[in-house]
Amino acid sequence: MSKASSPSQESRDVAVAERPSATDTKGSINLRIEANTRQLIDDAAAILGKTRTEFMIDSARRQAIDVLLDQRLFVLASERYDAFMHALDNPPAPGPKLRSLLRRVPAWQK
């Protein structure tokens, strides 16, 4: 695990947001939304010079990437990174509560 992303690592992370190639198959998503929400989306899309579909796909893709990165990527200052790595490399010894938990029969086996 490195302390900072290299430029090549950053470009791989961004590759997720690229448009699909011409060989990718396309599907459809049908949504039922209130008229005022549809108008809001249409107004925002028009300001950006996009169609409703382009706007919604770009927005959903961006949000999906953010959600996935929030689950997989975090950044630490150098001293906090070192403390994190030390904790991973040197876990605490199992205490009585952990030993008790590991001796219990799992609920799915009862």
*Asks:* Measuring centre to centre across the rings, with the benzene-like ring taken for any Trp, is Phe74 within less than 6.0 Å of Tyr81?
*Replies:* no
*Asks:* In Å, rounded to the nearest 0.5 Å, how long is the span from CG of Asp43 to CZ of Arg52?
*Replies:* 10.5 Å
*Asks:* Within this structure, what is the OG1-CG distance for the pair Thr51 and Asp42, rounded to the nearest 0.5 Å?
*Replies:* 9.5 Å
*Asks:* Counting N and O atoms only, with roles assigned by atom type, does the side chain of Gln71 sit under 3.5 Å from a partner on the main chain of Leu68, one being a donor and the other an acceptor?
*Replies:* no
*Asks:* Measure the spacing between CG of Asp58 and CG of Leu48 and express it to the nearest 0.5 Å.
*Replies:* 9.0 Å
*Asks:* Can you sort out the partners of Asn90 under side-chain hydrogen bond (donor to acceptor under 3.5 Å, both in side chains), two or more places apart, ordered by chain and number?
*Replies:* His86
*Asks:* Quick one: do Met56 and Ile29 end up in the same hydrophobic cluster if we chain Ile, Leu, Val, Met, Phe, Trp and Tyr together by side-chain heavy atoms under 4.5 Å apart?
*Replies:* yes
*Asks:* Looking at residues at least two apart in the chain, or sitting in another chain, which of them share a side chain to side chain contact (heavy atoms under 4.5 Å, CB included) with Ile57?
*Replies:* Thr53, Arg61
*Asks:* Within this structure, what is the CZ-CZ distance for the pair Arg104 and Arg99, rounded to the nearest 0.5 Å?
*Replies:* 15.0 Å
*Asks:* What is the minimum heavy-atom distance between Val105 and Lys110, and which atoms define it?
*Replies:* O-CE, 3.4 Å
*Asks:* As a quick check of understanding, evaluate side chain to side chain contact (heavy atoms under 4.5 Å, CB included) for Asn36 and Leu40, giving each step before the final call.
*Replies:* CA-CA 6 Å; Asn36 60 346; Leu40 178 68; over 6 Å; no
*Asks:* Could you walk me through whether Ile41 and Ile33 pass side chain to side chain contact (heavy atoms under 4.5 Å, CB included), step by step?
*Replies:* CA-CA 10 Å; Ile41 292 168; Ile33 60 174; 4.2 Å; yes
*Asks:* Please check this pair: side chain of Ser59 against backbone of Phe55, looking for a donor-acceptor N/O pair closer than 3.5 Å.
*Replies:* yes
*Asks:* Please enumerate all residues that pass side-chain hydrogen bond (donor to acceptor under 3.5 Å, both in side chains) together with Asp66, with sequence neighbours excluded.
*Replies:* none
*Asks:* Please lay out, stage by stage, how Gln63 and Val67 fare under the test side chain to side chain contact (heavy atoms under 4.5 Å, CB included).
*Replies:* CA-CA 6 Å; Gln63 179 68 19; Val67 167; 3.8 Å; yes
